[in-house]
Amino acid sequence: MIQRHNLRINGARLWDSLMEMAKIGGTPKGGCNRQALTGEDAIGRALFRTWCEKEGCTLKVDRLGTMFARREGMEDLPPILIGSHLDTQPTGGKFDGVLGVLAGLELIRCLNEAGIRTRRPIEIVNWTNEEGCRFAPAMLASAVFAGLLDEKIALDTRDAAGFRLGDELDKHGQNGDEPVGGRKIGAYLELHIEQGPILEAGGYDIGFVTSGQGLRWYDAIFRGFESHAGPTPMPVRRDALLGAAHFIQKINEIGLAFPPSAVSTVGEMQVMPNSRNVIPGEVKLSVDIRHPEAETLAAMDAKVRQAFAETLVASRLEGELMDISHSPAVPFDKDILGIIRAETAALGFTGRDIVSGAGHDAVHIAKIVPSAMIFTPCKDGVSHNEAEDILPEWAEAGANVLLRTALTLANRP
Ligand code: HGY
Ligand code: MN
Ligand code: MN
């Protein structure tokens, strides 16, 4: 039997699996459109299931469709969960989320080849609806698993076309009967691309993710008065889109007001009736603000509410500002971080501490289970873009650190 310290993942096999999965929902520009609980997502899930069952894993699926591929341990102890998400943005990349799920699968393949049995069971997880682009909020299933979001609210969430998440689970045969959460877990590990420029720019192989930054999502609705673009005099107009434009400018100013870490984004907007010769009567848009510190995020939140109120008055509009989600900043487990740092050094890789700018399922799971994340660099820091790309050696390095960290955790009493 190969000794633990000589164990390495098969980088070529991991890369092949990543490229195979990337074909599902593949876009002409080389990205992926495999949005949560679409037909493409169902095909990707089926491929993941086939690969896991080929490795002798038993698949459990919970009521929100999250998949757990279990490899039994020698003792019936709470499992080590390793995973991320297979769903993508509409113009997503090949690696966001997918790297973490398939590196977990590669870890199982590697243990099977080496004939290594761990004390604890290991489960590879594919969390449903991490991205939040189709069904808000993001990290929806892991939030319910962690007891942070009500399961029924999650199932009743609708996408922009009005499709209900629970119905989409049924339609694509993705609903399971396992309870969502409520069971003991030993630890959670998530390998993910950084989705920012720091590691590549610094020439680091690995990111030691110390915490996930806090984020708040809102929906804002502005209501004015639809009328003819020709005869309606400018002074009497109540133009919802003009008010929204002022608000978007204010949201950007809030992101700039707390340098260097604050960020703010308006990513979605629907204009009604969206006709070129009708003054827009209603506009609905999304707001995403983030910061690593709770008190600064709170200050940004207050400014969002103030900007909204001021916009309604200045533009003579009505409207609502709705809270969609609040994921507080969360520190990851220091003990596991220590193992990640040690294994990185033992493998001869370089690494540095980093705060996650993006949200991840680990951010929610860390609230109930000792959790940690491992980052790999990504080219030019680009993600949530079809050009997202990594080097195979980055994937291999990250997966080897994941393997050895998982082995340590899975052999603890
Ligand atoms: O929004 C995020 O940070 C993640 O990609 N869901
Ligand atoms: Mn992700
Ligand atoms: Mn993402």
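One-based numbering, in listed order, for ligands and for the atoms of each. No hydrogens, no waters, no symmetry mates; every other heavy atom, side chains included, goes into these values.
- Residue Lys303 qualifies as open at atom NZ: its count of foreign heavy atoms under 6.0 Å is 12 or below.
- Residues His360 and Phe332 keep their aromatic ring centres 6.0 Å or farther apart.
- For the atom pair CG of Leu81 and CZ of Arg120, the computed distance is 11.5 Å after rounding to the nearest 0.5 Å.
- Ranking the protein heavy atoms by distance from atom 6 (N) of ligand 1 puts Glu130 OE2, 3.0 Å first.
- Close approach of ligand 1 to Ala358 is summarised as follows: ligand atoms under 4.0 Å from at least one heavy atom of the residue are 3 (O).
- Against a heavy-atom cut-off of under 4.0 Å, Ala138 is close to the following atoms of ligand 1: 6 (N).
- Residue, atom and distance of the protein heavy atom nearest to atom 1 (O) of ligand 1 are Arg290 NH2, 2.9 Å.
- Ring geometry for His192 versus His85: interplanar angle of 30 to 60°, hence tilted.
- By the 3.5 Å distance cut-off applied to N or O atoms, Gly359 is counted among the residues near ligand 1.
- Every N/O-N/O distance between Asp96 and ligand 1 stays at or above 3.5 Å.
- Backbone or side-chain N, O or S atoms of His85 reach the Mn ion (ligand 2) at under 2.8 Å.
- Between Trp127 and Phe145, the ring-plane angle classifies as perpendicular under the 30° and 60° cut-offs.
- In this structure, Gln195 has no heavy atom closer than 4.0 Å to ligand 1.
- Interface atoms of ligand 1 facing His384, defined by a heavy-atom separation under 4.0 Å, are 5 (O).
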*Go through Arg13 and Glu106 one step at a time and tell me if the salt bridge (Lys or Arg N to Asp or Glu O under 4.0 Å) criterion holds.*
CA-CA 8 Å; Arg13 182 172 57 195; Glu106 174 54 32; 2.7 Å; yes
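- In this structure, Asp335 places its CG atom where more than 12 heavy-atom neighbours from other residues, nucleotides or ligands lie under 6.0 Å away.
- Summarising the local packing, CZ of Phe225 is surrounded by 12 or fewer heavy atoms from other residues, nucleotides or ligands at distances under 6.0 Å.
- Residue contact annotation: Asp96 places an N/O/S atom under 2.8 Å from the Mn ion (ligand 3).
- At a cut-off of 2.8 Å, His384 is counted among the residues with an N, O or S atom near the Mn ion (ligand 3).
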